[in-house]
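To find a chain, count down the sequence lines: A is the first, B the second, and so on, and within it residues start at 1.
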Amino acid sequence: MNELSKSGRIDEARKMFDKMSERDEFSWSTIIAAYANLGRLDEARKLFDEAPKKSSITWSSLISGYCQHGCEIEAFELFCQMRLEGQKPSPYTLGSVLRGCSILGLRQRGENLHGYAMKSGFDSNVFVATGLVDMYAKCKCILEAECLFETLTDRKNNVSWTAMITGYSHNGDGYKAIECFRDMRAEGVESNQFTFPSILTACATVSACDFGAQVHGCIVRSGFGANVFVQSALVCMYAKCGDLRSARRGLETMETDDVISYNSMIVGCVRHGFEEEVLSLFKKMHSRDMKIDAFTFPSVLNSFASMMDTKNSKSVHCLIIKTGFEAYNLVSNALVDMYAKQGSLACACEVFNQTVDKDVISWTSLVTGYAHNGSHEEAIKLFHDMITTGTCPDEYVIASILSACAGLTVLEFGKQVHANFIKSGLESLSIDNSLVTMYAKCGCIEDASRVFNSMRVRNVITWTALIVGYAQNGKGKDSLQFYDQMIATGTKPDFITFIGLLFACSHAGLVENGLQYFESMDKVYGIKPGPEHYACMIDLWGRSGRLNEAKELLNRMDVKPDATVWKALLGACRVHGDLELGESAANKLFELEPSNAVPYILLANMYSAAGRSEDFARIRQMMKSMGIRKEPGCSWIEMNSHVHEFMSEDRGHPRTSEIYSKLDEIMILIKEVGYVPDKKFALHDMDEESKELGLAYHSEKLAIAFGLLTLPPVVPIRIFKNLRNEMSLVTASLVYLICQAVTMEYTPEYINSRGLEIHQVSIQHNNTVDNFDKMSLDDQESETTDD
DNA sequence: GTAGGGTTAG
C-alpha cells in the first residue's frame with residue numbers, strides 16, 4: 001500500500017486499505033498521508049476523523065498535508081487540537097507548522113514554536129533548526145535566522161545553507177547571500193536544484209551579473225542545467241542585470257514554454273528600455289497558448305505606460321477583463337498606475353473604485369498619479385481617505401504625499417507627515433529625498449539641510465534636491481558648493497541636477513559658472529541639454545543684460561524650444577526693452593499657451609512703456625475678446641489655524657485701519673532708507689496716483705503689514721501667494737527694505753536686550769519660495785510677469 | 001511521514 005500511494009496510485013491503495021481486516025496506526029497514517037499529499041484534504045480529514053487511534057504520525061500526516069496545500073490555518077488549528085488531546089508533537093509536526101508560519105509570515109506563532117522546540121529539545125534537530133532559520137528569515141528577522149544557522153555548526157547541510165542564502169536574498173542583502181554561497185562551497189557542500197535558483201535571485205537583486213555568470217558555469221558542470229527552476233532563475237538573473245542577449249538565449253534553449261521565464265524576460269525588457277519588445281513577447285505567449293498569469297500583466301502594462309501606448313493599453317485592459325484578472329490587485333493596481341502615468345486619471349479612478357480590497361499599493365498608485373499630474377490637493381485628500389479607511393501608509397505613499405506637500409508648500413501638513421514618519425521608525429531614501437525637497441520649497445532651507453545632514457545614504461536625487469533647494473531660497477552660491485561636494489563624493493550629476501545648477505547660476509547672476517556647467521553637460525557627462533537647460537541659459541544671459549548672447553543661443557538650439565524657453569526670452573526682452581524679439585516670443589507663447597494671461601500682459605506693458613498706446617489697446621482688446629483674464633493677485637497668512645486673506649487694496653479685514661496705518665508707517669521708513677516707487681511695472685491703464693497706490697497697497701504688502709502687526713519679532717512671517725509675477729521685483733525690494741526698516745525700528749540695543757532676531761520674511765508661490773532675510777539687493781530676481 | 005528554490009504592481 002505504501003508503494004502504491006507513493007507512486008500516486010491512490011485508488012488502488014484505498015481499495016487495499018478498505019479490504020484490510022486489521023488496520024494498524026501505520027496503515028491509517030499511510031492512507032491519510034497519501035490523500036493529504038495529493039491535496040485531497042477532505043478525504044484525508046474524513047479518514048483522520050474515523051481513525052480509532054491517532055499516533056503522532058497520523059496527526060503529522062494531515063498537518064503537513066494542510067500546510068502543503070495552502071491551508072495553514074487549518075494546520076495550526078489541528079496542531080492546537082493535537083496538543084490539547086495530549087499528543088506530543090514530533091520534529092515532523094514542528095517542521096510542518098513552522099513552514100506554515102514561514103508562508104504566512106507569522107513571527108509570533110513561530111516564536112512560540114521555537115519556545116516549544118527548545119523545551120522539548122527538538123531545536124537541536126537539524127530539520128527543526130532549518131525550519132526555524134527559514135521561519136525567522138521569512139518573517140524578516142534575519143539576525144535571529146543567522147544566529148540559529150550558526151548554532152548548527154558542522155551539521156549544516158545544503159538545505160540549511162539554501163535556507164540561509166534565500167533568507168539574505170529575501171531580506172534585500174544580495175551581497176551577504178553571495179558571501180554565504182561562497183562559504184558553503186568553501187566548506188565543500190554541494191549545491192542542488194534548490195540552491196541555484198536561490199543564489200541566482202540574489203545575484204539579480206544586486207545586479208551581480210559576473211558572479212551570476214560564474215554560477216551559470218557551476219550549473220552546467222553540476223548537471224542541474226535542465227531543471228526548469230534553475231533555467232528560469234538564469235533567465236531572470238540575466239534579464240534583470242540587463243544582459244538581455246543571454247536571457248533570450250536561456251529562454252530559447254528551454255524545452256518547455258515556461259510562463260515565469262517569459263515574465264522575467266518581459267520585466268528585463270521594461271527595465272532596460274526595450275519596451276517595444278514587450279508586445280512581441282506577449283503576443284508570442286498568446287500564440288503559443290501559454291497560460292498567461294497575474295504576473296505577466298503588470299510588466300506589460302508598465303511598458304504601455306512608459307511608451308504612452310494608449311491603444312494597446314485599452315485592448316490589453318479588455319483582455320484582462322475577459323480573463324478575469326482585474327480581480328487580482330497585482331493587475332488592477334498596475335492598471336491604475338498605467339492610466340495615471342498616461343494622464344488618464346478618470347480611467348485610473350474607475351479601476352481604483354472597482355478594486356474591492358484596496359491595499360496600500362492601490363492607494364499609492366492613485367495618490368502618485370494625482371501628484372504627478374499636478375493635482376496635489378486631490379492627492380492629499382486621497383491620502384486622508386486612505387488613512388480613514390484604515391490602510392497603513394508605507395514609505396512609497398509617504399514619499400509621494402511629501403512631494404504633494406512640496407507642490408502646495410503646505411509646511412504644517414508636511415511636518416506632521418514627517419513626524420509620523422519618524423515615529424514609524426521606517427528608513428527610506430525616497431522619503432528623505434522628498435523631505436529635503438519639501439522643506440526647501442517651503443522656505444525652510446535649514447530644515448532641508450538638517451534632513452540632508454542626517455542621511456546615512458545619499459544619491460544624485462538627494463544632492464539635486466539640495467542644490468535646487470538652495471537656489472530656490474536665493475542661495476545660489478551655496479548650490480554651487482554643494483555641486484562641488486557632490487562631485488567630490490563620486491556622485492554623477494544627471495539631467496535634473498543641471499537644471500538646478502543652471503537655475504542657481506541664473507538667479508545668483510553667476511554667468512561664467514553657468515556657462516561652464518552648461519558646456520560640461522555634454523562634454524563631460526554626455527547629457528544633451530533639453531529645452532529646460534536652454535531656458536535657464538537664456539534667462540542667465542537675459543538677467544545679466546546680454547540679450548545678444550541669449551539670441552545667439554536660441555538660434556544654436558538643437559532641440560525645439562518650448563514654452564519655458566520663450567518665457568525666459570520674453571522676460572529678458574521686457575527687462576531690456578527689446579520689443580521686436582519680445583513680440584515674436586510672445587506670439588509663440590500665444591500659440592503654445594493660448595489661455596495664459598501672462599505673455600499678453602507683458603507684451604501690452606512693453607508697448608505701453610515704448611509709448612505705443614495703440615498696440616497696448618490692441619492687446620488688451622485681444623485679451624478681452626478671447627476672455628483671457630488675469631487671476632487677481634491674492635496673498636494670505638496663517639495664524640493660529642486661521643487664514644487671513646488679502647486682495648490688492650483690500651479693506652475687508654476687521655483690522656483694516658491698523659493694517660493700513662502700519663503699512664503707511666513702513667512706507668515712510670522705506671522711503672527714508674531710499675526706496676523710490678518704480679511705476680514702470682504697474683498696470684498701465686491706471687492713472688499716476690493709483691499706480692503708486694496700487695504698489696503701496698498690494699496684497700502681499702497688506703499681508704506683511706498684518707504679520708508685522710500681530711507676530712512677535714522673532715517669528716518668521718510666512719506669506720502665501722497665488723501668483724509669482726512682475727510685481728515681485730517691486731515686492732522683493734520692498735520686502736528687503738521692510739526688513740531693514742524693521743531693523744531700524746527695533747534698534748540693535750533693543751534687539752540685543754530682548755534677545756530677538758529680525759523677522760524672516762518669505763513669500764511662497766505655487767511652485768517656489770522667495771526668502772528675504774539675509775538677501776542682498778544684488779541677489780534679487782527680476783520677475784517676468786504682471787500682477 | 002518531516003526542511004530549502006524561479007516571475008511580483010507604486
Side-chain angles (χ1 to χ4, degrees), chain A residues 2 5-6 26 29-30 32-34 36-37 55-65 67-68 90-99 102 125-135 137-138 157-167 169-170 191-201 204 224 227-237 239-240 258-268 293-302 305 328-338 340-341 359-369 394-397 399-400 430:
Chain A
N2 201 9
S5 25
K6 266 189 185 161
F26 185 75
S29 50
T30 307
I32 289 167
N37 287 340
S55 73
S56 163
I57 301 176
T58 329
W59 287 93
S60 301
S61 307
L62 191 60
I63 289 173
S64 98
C67 281
Q68 276 169 30
S90 66
Y92 303 109
T93 0
L94 271 177
S96 287
V97 276
L98 274 173
R99 186 167 156 69
S102 299
N125 176 302
V126 68
F127 291 101
V128 174
T130 304
L132 284 167
V133 168
D134 182 55
M135 181 276 295
K138 296 256 162 66
N157 58 22
N158 60 8
V159 182
S160 32
W161 279 102
T162 306
M164 200 59 232
I165 293 168
T166 316
S169 170
H170 283 191
S191 302
N192 65 7
Q193 74 276 24
F194 289 93
T195 323
F196 287 125
S198 178
I199 186 62
L200 287 170
T201 312
F224 286 108
N227 179 288
V228 68
F229 281 81
V230 174
Q231 287 177 329
S232 73
L234 272 169
V235 171
C236 176
M237 185 274 295
K240 278 197 184 156
D258 178 52
V259 186
I260 293 180
S261 303
Y262 268 82
N263 290 348
S264 303
M265 191 71 217
I266 290 175
V267 169
D293 66 11
F295 290 99
T296 316
F297 289 111
S299 312
V300 172
L301 296 173
N302 225 320
Y328 291 77
N329 275 17
L330 196 62
V331 179
S332 59
N333 293 347
L335 277 168
V336 172
D337 175 58
M338 175 192 71
K341 281 201 178 123
D359 57 23
V360 66
I361 297 170
S362 325
W363 288 97
T364 313
S365 306
L366 200 61
V367 167
T368 311
D394 69 2
E395 63 228 64
Y396 289 90
V397 76
S400 256
S430 341

>> Please enumerate all residues that pass ring-ring contact (aromatic ring centres under 6.0 Å, His included) together with A/Tyr328, with sequence neighbours excluded.
In response: A/Phe325
>> Going by the rule side-chain hydrogen bond (donor to acceptor under 3.5 Å, both in side chains), which residues pair with A/Ser56 if we only count those two or more places apart in sequence or in a different chain?
In response: none
> Residues in side chain to side chain contact (heavy atoms under 4.5 Å, CB included) with A/Ser299, at least two apart?
Replying inline: A/Ile266, A/Val267, A/Val270
> Heavy atoms under 4.0 Å, any strand shown: does A/Ser365 hit a base, just sugar-phosphate, or nothing?
Replying inline: sugar-phosphate
> Can you give one letter per nucleotide of nucleotides 2-7 of chain B, going 5' to 3': B for a protein heavy atom under 4.0 Å from the base, S for sugar-phosphate only, - for none?
Replying inline: BBBBBB
> Within less than 4.0 Å of OP1 or OP2 of B/dG10, is there a side-chain N or O belonging to A/Asn302?
Replying inline: yes
>> Need one value for A/Val360: base, sugar-phosphate or nothing, where a base atom within 4.0 Å counts as base even if backbone is also close, heavy atoms only.
In response: base
>> Once side-chain hydrogen bond (donor to acceptor under 3.5 Å, both in side chains) is applied, do any residues pair with A/Thr58, and if so which ones, sequence neighbours excluded?
In response: A/Ser55
>> Taking side chain to side chain contact (heavy atoms under 4.5 Å, CB included) as the definition, give me every residue that meets it alongside A/Ser102, ordered by chain and number, with sequence neighbours left out.
In response: A/Asp134, A/Met135, A/Lys138
